[in-house]
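Numbered from 1 within each chain, the chains take letters A, B, ... in sequence-line order.
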2 protein chains.
Amino acid sequence: MIDENLLLNYGAKRVAFSKGDQLFREGESAVNFYQVASGEIKMNNYNEDGKEFIQGIFSIGQSFGEPPLLAKVKYPANAEAISDAEVFQLSKEQFLDLLSSHPKVHLKITETLAKRLYYKAIMVSEISSQEPEHRILRIIDYLKQHVGKVEGKFDYRLDLTRQQLADLTGLRVETVIRATKSLEKKGELQIKKRKVYR
Amino acid sequence: MIDENLLLNYGAKRVAFSKGDQLFREGESAVNFYQVASGEIKMNNYNEDGKEFIQGIFSIGQSFGEPPLLAKVKYPANAEAISDAEVFQLSKEQFLDLLSSHPKVHLKITETLAKRLYYKAIMVSEISSQEPEHRILRIIDYLKQHVGKVEGKFDYRLDLTRQQLADLTGLRVETVIRATKSLEKKGELQIKKRKVYR
DNA sequence: GGGAGAATATGATTTGGATCATAAAAGAGG
DNA sequence: CCTCTTTTATGATCCAAATCATATTCTCCC
């Protein structure tokens with residue numbers, strides 16, 4: 001997360017999007033650096049059958065879509081507002097200039113990419129193995145430890161819908177519902193008022 | 001890729017590994033930065049059934065396993081020599097010092113992570129959709145464009161075994177064999193002397 | 001407060017990739 | 001050059017997640 005005063009000093013604009021708006025599309029070249037100011041953004045793909053895969057969900061303070069600013073690649077996914085949102089938007093040139101001039105900011109961006117890569121490595125390995133319950137526990141544990149930063153047993157409440165969990169894990173929503181029920185029976189998690197606790 | 005003289009100047013050692021040796025294991029904390037000097041290294045996971053998933057294969061000049069040096073995470077996968085190999089090994093402290101002192105090197109590492117993240121985003125989305133032929137074409141095209149840097153039709157020869165392709169894509173080797181045969185029939189690729197051309 | 005839409009849930013059926021078994025061909029090493 | 005291992009290949013069967021269908025409950029908006 002880059003300090004918002006610094007972003008504004010470099011000419012960033014704070015742009016509003018409505019729920020459902022698209023910020024960019026898979027395959028496009030990057031023109032801007034983005035960081036969430038309010039609301040939530042997701043990056044996703046749709047396959048030929050229209051099935052959605054969510055690469056990540058980004059909330060206040062989190063940047064997204066950095067790789068095409070730093071390497072000769074295009075966006076690997078779409079970006080879409082999950083709620084009404086505001087986003088800091090800084091041109092690629094200004095962003096690279098900011099990194100050059102602020103080594104600590106550059107290190108933070110590198111740390112962000114490192115965390116993102118870590119998450120992806122876990123997910124790709126989980127998704128490639130045919131074990132929905134293990135997959136679901138793994139992503140919930142990741143969110144508990146790295147996003148919620150919670151340690152107590154059943155202290156972490158998952159604030160994702162079953163459909164979002166399905167889209168993040170490559171499963172069908174029916175499979176997620178059945179697997180979370182099964183995990184509850186095994187004592188691996190708790191469900192209260194339809195919310196999952198881990 | 002960091003220039004090897006620079007690595008040596010910062011105290012890197014050139015360490016030899018035999019085919020099959022492990023450099024580090026999933027879940028361990030990182031102590032060193034690694035870059036391949038000769039041979040090939042893969043990063044992989046095994047699931048409970050012993051099925052392997054290959055996160056990436058690294059050849060001469062390529063670094064690997066960077067995220068735990070840059071963020072508070074552990075190795076998400078094992079590292080294993082695919083052939084007899086030599087690897088530059090630099091302590092974490094020296095590595096971070098090198099980045100601080102050499103912004104251009106830091107930017108190269110950031111670019112490496114960005115490319116790695118791009119590849120992962122493609123693969124995780126592909127693996128989450130149930131389309132083996134599309135998945136196989138997608139990874140071959142990625143390797144053709146970003147690793148082989150080849151453009152002509154059927155000019156790129158894939159130097160991976162069917163088993164390695166299976167391990168990289170989360171499929172079974174039988175599925176890969178049948179899918180590549182089917183793609184050949186569709187004219188999407190060619191197979192000569194059991195080698196795939198795309 | 002009510003209605004519409006979204007989310008959760010359950011049941012039944014299908015199917016494609018996994019799995020198992022086996023064979024042939026190529027490569028590597030002695 | 002021979003043997004053993006690895007890789008590629010083919011055929012048959014299985015099954016778990018996808019898919020399809022339907023119902024219930026909760027949330028949001030007017």
Side-chain angles (χ1 to χ4, degrees), chain A residues 18-20 40 42 46-54 57 82-84 126-137 139-140 157-185 189-197, chain B residues 18-20 40 42 46-54 57 82-84 126-137 139-140 157-185 189-197:
Chain A
S18 299
K19 176 175 170 161
E40 279 189 322
K42 70 184 172 183
Y46 292 97
N47 75 3
E48 286 176 4
D49 301 322
K51 184 189 178 193
E52 179 180 8
F53 180 76
I54 298 183
I57 296 178
I82 298 181
S83 63
D84 290 352
E126 283 295 330
I127 291 177
S128 82
S129 109
Q130 322 286 334
E131 292 168 58
E133 289 179 15
H134 195 278
R135 194 184 303 189
I136 288 167
L137 277 188
I139 192 179
I140 296 178
R157 191 186 75 182
L158 186 72
D159 283 325
L160 297 169
T161 68
R162 302 292 189 272
Q163 182 62 60
Q164 283 175 325
L165 202 47
D167 291 338
L168 282 159
T169 55
L171 297 165
R172 281 308 199 186
V173 65
E174 295 93 335
T175 307
V176 169
I177 289 164
R178 294 189 242 257
T180 54
K181 283 291 203 108
S182 171
L183 287 166
E184 183 191 27
K185 278 189 173 181
L189 50 77
Q190 292 179 344
I191 302 179
K192 292 172 191 162
K193 288 184 181 174
R194 294 182 166 187
K195 286 292 188 186
V196 169
Y197 294 83
Chain B
S18 298
K19 176 175 172 162
E40 280 189 322
K42 69 183 171 182
Y46 294 97
N47 76 3
E48 285 176 6
D49 302 321
K51 185 189 180 195
E52 178 179 11
F53 179 76
I54 297 183
I57 295 178
I82 298 182
S83 64
D84 290 352
E126 282 296 330
I127 291 177
S128 82
S129 109
Q130 322 286 334
E131 292 168 59
E133 290 180 15
H134 195 277
R135 193 185 304 188
I136 287 167
L137 278 188
I139 191 177
I140 295 179
R157 191 185 76 181
L158 185 72
D159 284 323
L160 296 170
T161 66
R162 302 292 188 270
Q163 182 64 60
Q164 284 176 325
L165 203 46
D167 292 339
L168 282 159
T169 55
L171 297 165
R172 281 308 201 185
V173 65
E174 295 94 336
T175 307
V176 169
I177 289 164
R178 293 190 243 257
T180 53
K181 285 291 206 107
S182 171
L183 287 165
E184 183 192 26
K185 277 189 173 180
L189 49 78
Q190 290 178 346
I191 301 179
K192 292 172 190 161
K193 289 184 180 174
R194 294 181 166 191
K195 288 291 188 185
V196 169
Y197 294 83

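- Within the 4.0 Å cut-off from OP1 or OP2 of D/dA18, at least one side-chain nitrogen or oxygen of A/Thr175 is found.
- Protein atom CD1 of A/Ile177 is 18 Å distant from nucleotide atom P of D/dT22, rounded to whole Å.
- Put simply, B/Arg172 has a side-chain N or O that comes within less than 4.0 Å of OP1 or OP2 on C/dT19.
- Between B/Leu165 atom CG and D/dA9 atom P the separation is 12 Å, expressed in whole Å.
- Nearest to the side chain of A/Arg162, among D/dA18, C/dA9, D/dT10, sits C/dA9.
- Rounding to the nearest 0.5 Å gives a distance of 10.0 Å between OG1 of A/Thr169 and CD of A/Glu126.
- The number of heavy atoms from other shown groups lying within 6.0 Å of NZ (B/Lys195) is above 12.
- Rounding to the nearest 0.5 Å gives a distance of 7.5 Å between CD1 of B/Ile127 and CD1 of B/Ile139.
- Along DNA chain D, the nucleotide nearest B/Ile191 and the nucleotide nearest A/Gly170 are compared for position; the residue whose nucleotide lies closer to the 5' end is B/Ile191.
- One can place CD of B/Glu126 at 13 Å from P of C/dG17, the figure rounded to the nearest angstrom.
- Going from atom CZ of A/Arg178 over to atom CZ of A/Arg162 covers 13.5 Å, rounded to the nearest 0.5 Å.
- Contact check, A/Arg178 against D/dA17: no side-chain N or O comes under 4.0 Å of OP1 or OP2.
- Put simply, CD on A/Glu131 is 17 Å from P on D/dC15, counting in whole angstrom units.
- With values rounded to the nearest 0.5 angstrom, A/Lys42 atom NZ is found 5.0 Å from A/Ile54 atom CD1.
- In this structure, the nucleotide among D/dT19, D/dT7, D/dT10 sitting nearest to the side chain of A/Glu174 is D/dT19.
- When the P atom of C/dT8 is taken as reference, atom CG of A/Asp167 falls 12 Å away, rounded to whole Å.
- Remark: P of C/dT8 and CG of A/Leu160 are 10 Å apart, rounded to the nearest angstrom.
- When the P atom of C/dG17 is taken as reference, atom CZ of B/Arg135 falls 8 Å away, rounded to whole Å.
- When rounded to the nearest whole Å, the span between CD of B/Gln130 and C1' of C/dT14 equals 14 Å.
- Distances were taken from every side-chain heavy atom of A/Lys181 (C-beta onward) to each of C/dA9, C/dA18, D/dT8; the shortest belongs to C/dA9.
- The side chain of B/Arg194 places no N or O atom within less than 4.0 Å of a non-bridging phosphate oxygen (OP1 or OP2) of D/dT8.
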